[in-house]
Amino acid sequence: MKKTMKRHSIISRLASLAVVYGLTLAFASCANDDLAQNGKTSTDDKGLTAFCTGEPATRTTMEADGKFYWEAGDKIWVKDDSGNWKQSSNSPTGKTASFKFLMPGKYTAKSSYEVYYPGKNGNQNQVTISANQTQTEPNTTAHFGASGDCGIAKATRNATSHEFEFALDHKAAYLVFKPYTSNDVLKYCYLTKVEVTSDNDIASTSTYTLDPTADTGAGALTGTGNGKQIVLETKGSGAYANGFPLTNTSASLTINGAYMVIKPGTHTLRIRYWVKDVATNIEGTVTKNITSHTFAKNEYVNMEADLQIKNYDGDHYYMWDAQEQYWKGYEWNLGGSQPTLMTQSASSDYPQNSSDTNNRWYHEGGGSGRLDATQGCAGLPNVNEMTWYAAKGEPRWDADELWTTMGHLYKGGMWFKKKANISGFDANKAVDGSDWRTNGGGDHWFVSQTLPDAADAGNYFYLPALGIYASGQLKYVGNGGYYWSSSANPWLSGYAYKLHFDSGGVNVYNDGLRYNGFRAEAFQ
């Protein structure tokens, strides 16, 4: 799947200028050229001056084709001839393409005045981009004003009517999410929220400033916030009480189009689409990472995301260094008796002795010094390497990333730094400087509950908590990860080194019973 960047006029159709990326997500940036609006102002009998927008007016909510509209409750701010801030005394009562704002104060000293729209939660020229935004139905931006949409305009007096005319130039940036899926599990789920995390600020816990003199006089949203994450809730009522459906196999704004306001700038983003299976009550995330990109003011970025979750097969459970996997000849997807759920009873078809006809029994021997795997575990990290992943790989528990195995949906796993990003990594020495392949060492380390930073995500790899098979029964899926090393316990012949993790920590010990079915996976 290609990721395509397109820039458009906010009012135009989605024609493309393309740059190809290697992610399963397409996004497009679009500029608002809808600036040729005509408005008229005059002073009414109550001493109020009218600042109007006419067709095709500036707007504060955005349609699917990029057109903006004013919404109920929108107000503008202008400094009068005394230099005092004045707020419009009226506001629209509903969605409208044009509106006549009535301004208190005196506006006779100049032929033009700056108009400020700071959003519904802003004040004067101060703007707050909310870290918590809510959209209650697909393909609507009625929440923009409350989320932090903002803009500046120069209102100019019409020489004939003596009214002021202005065209709002939006200064926020906008993300337009278009998720879809062909996954047989996800297509019955709902999108409950979209979580966007940046390497720098995209929201404000304080305020930004609308500055008409910034950006070489074009005006911009200035200041630095400290909000690096925005969560857009996508639940409403009725058909959308559970969220937006994911029934579409291609991008569709009408089915689940979602919109977010962010601060413009160059950002590296991690986007987590939260989905929920209401039948099983499992809710988790599908993650997409966006490399550094400039999200320009007054533009929207059109994101098409193919939501696919990683599937892990049932064929990589092994007794330690067996020639064949634990369920060889009895695979679940070939009609065999392999249990696929923890609620299922144990199957007696698991390997039970060294005479197993499918060569699934563990590698025997050892107990008097170093013993390395030569069969099914030969390509795995040795125990020394595993200590580097556990102690220096900054393990981070992720309770929410979704994945499937053997036809069922799960979540829970650990992020580790890749070998290339672990300083001092040494296959011949553990982190304590000794060789655990011969001395039988072991240790435990605590883990972080915080995900890798968005800009650092590419330096990590993910291991799911795939559990184990013990005496023919599946256990601990979603709660614990058990991964064989290529190193046997040097002193006890029935044991080997494993890496085990759960939400509380990660350990590398030599107590892995060789007859248990742990995962045999090469690490990155």
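The chain is numbered in sequence order, starting from 1. This structure is a prediction, so every number in the text was calculated from the model and none was measured.
- Scored by the side-chain contact (heavy atoms from CB on, under 4.5 Å) test, Ala465 finds Trp397, Phe501 as partners (sequence neighbours excluded).
- Considering only residues two or more places apart in sequence or on other chains, Arg396 meets the salt bridge (charged side-chain N to carboxylate O under 4.0 Å, His left out) condition with Glu394.
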List the steps and the verdict of side chain to side chain donor-acceptor pair (under 3.5 Å) for His500 and Asn507. CA-CA 5 Å; His500 165 249; Asn507 63 67; 3.2 Å; yes
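- Here the side chains of Tyr483 and Phe518 are not in contact, with every heavy-atom distance at 4.5 Å or above.
- Considering only residues two or more places apart in sequence or on other chains, Asp453 meets the salt bridge (charged side-chain N to carboxylate O under 4.0 Å, His left out) condition with none of them.
- The closest donor-acceptor contact from the side chain of Thr207 to the backbone of Gln126 lies at 3.5 Å or more, if one exists at all.
- Note: Leu186 CG to Asp277 CG = 9.0 Å, rounded to the nearest 0.5 Å.
- Smallest separation of non-hydrogen atoms from Arg270 and Ala454: NH1-N, 3.6 Å.
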Which donor-acceptor pairs under 3.5 Å do the side chains of residues 367-374 make with protein atoms, sequence neighbours left out?
residue, atom, partner, partner atom, Å
Arg370, NE, Asp372, OD1, 3.3
Arg370, NE, Asp372, OD2, 2.9
Arg370, NH2, Asp372, OD2, 2.8

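- Counting heavy atoms from C-beta outward, Leu463 and Trp415 have side chains that stay 4.5 Å or more apart.
- Taking the centre and axis of the six-membered ring of Tyr326, the NZ or CZ atom of Arg360 falls outside the cone set by 45° and 6.0 Å.
- In this structure, Lys187 NZ and Thr181 OG1 are separated by 9.0 Å, a value rounded to the nearest 0.5 Å.
- With rounding to the nearest 0.5 angstrom, the CG atom of Leu269 is 6.0 Å from the CD1 atom of Ile262.
- Atoms CG and OH, on Asp201 and Tyr208 in that order, are 3.5 Å from each other to the nearest 0.5 Å.
- Taking a 6.0 Å sphere around NZ of Lys392, one finds it holds 12 or fewer heavy atoms contributed by other residues, nucleotides or ligands.
- A distance of 8.5 Å separates CG in Asp321 from CG in Leu380, rounded to the nearest 0.5 Å.
- The side-chain tip of Lys498 does not point at the ring of Trp484 from less than 6.0 angstrom away and within 45° of straight on.
- For the atom pair CD1 (Ile309) and CG (Leu402), the distance works out to 5.5 Å, reported to the nearest 0.5 Å.
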Could you walk me through whether Ser204 and Thr128 pass side chain to side chain donor-acceptor pair (under 3.5 Å), step by step? CA-CA 6 Å; Ser204 55; Thr128 298; 4.6 Å; no
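- Closest approach of Leu307 and Asn183 over heavy atoms only: O-CB, 4.4 Å.
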Verdict with supporting geometry, Gln308 and Asp306, side chain to side chain donor-acceptor pair (under 3.5 Å): CA-CA 6 Å; Gln308 296 293 335; Asp306 183 1; 3.1 Å; yes
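- Ring geometry for Phe523 against Phe416 counts as parallel: the plane angle stays under 30°, on a 0 to 90° scale with 60° as the upper cut.
- The shortest heavy-atom contact between Ala430 and Asn384 is N-OD1, 3.4 Å.
- A pairwise comparison of heavy atoms in Trp403 and Pro464 identifies CE2-CB, 3.6 Å as the closest pair.
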Quick one, Asp211 with Thr209, criterion side chain to side chain donor-acceptor pair (under 3.5 Å). Give me CA distance, side-chain angles, the key distance, then yes/no. CA-CA 6 Å; Asp211 184 355; Thr209 300; over 6 Å; no
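- Comment: Asp356 does not engage Lys328 in a salt bridge, judged by the lack of any side-chain N to carboxylate O separation of less than 4.0 angstrom.
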Using a 3.5 Å cut-off and no angle test, enumerate the donor-acceptor pairs between side-chain atoms of residues 335-343 and protein atoms at least two apart in sequence or in another chain.
residue, atom, partner, partner atom, Å
Ser337, OG, Ser347, OG, 3.0
Ser337, OG, Asp349, OD2, 2.5
Gln338, OE1, Trp332, N, 3.1
Gln338, NE2, Gly314, O, 3.1
Gln338, NE2, Tyr469, OH, 3.2
Thr340, OG1, Gln344, OE1, 3.2

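- With sequence neighbours left out, the salt bridge (charged side-chain N to carboxylate O under 4.0 Å, His left out) criterion links Lys310 to no other residue.
- Between Lys235 and Glu233 there is no salt bridge, since no side-chain nitrogen of the basic residue lies less than 4.0 Å from a carboxylate oxygen of the acidic one.
- Taking both residues in full, the closest heavy atoms of Asp199 and Thr268 are given as OD1-N, 2.9 Å, listed atom of the first, atom of the second, then distance.
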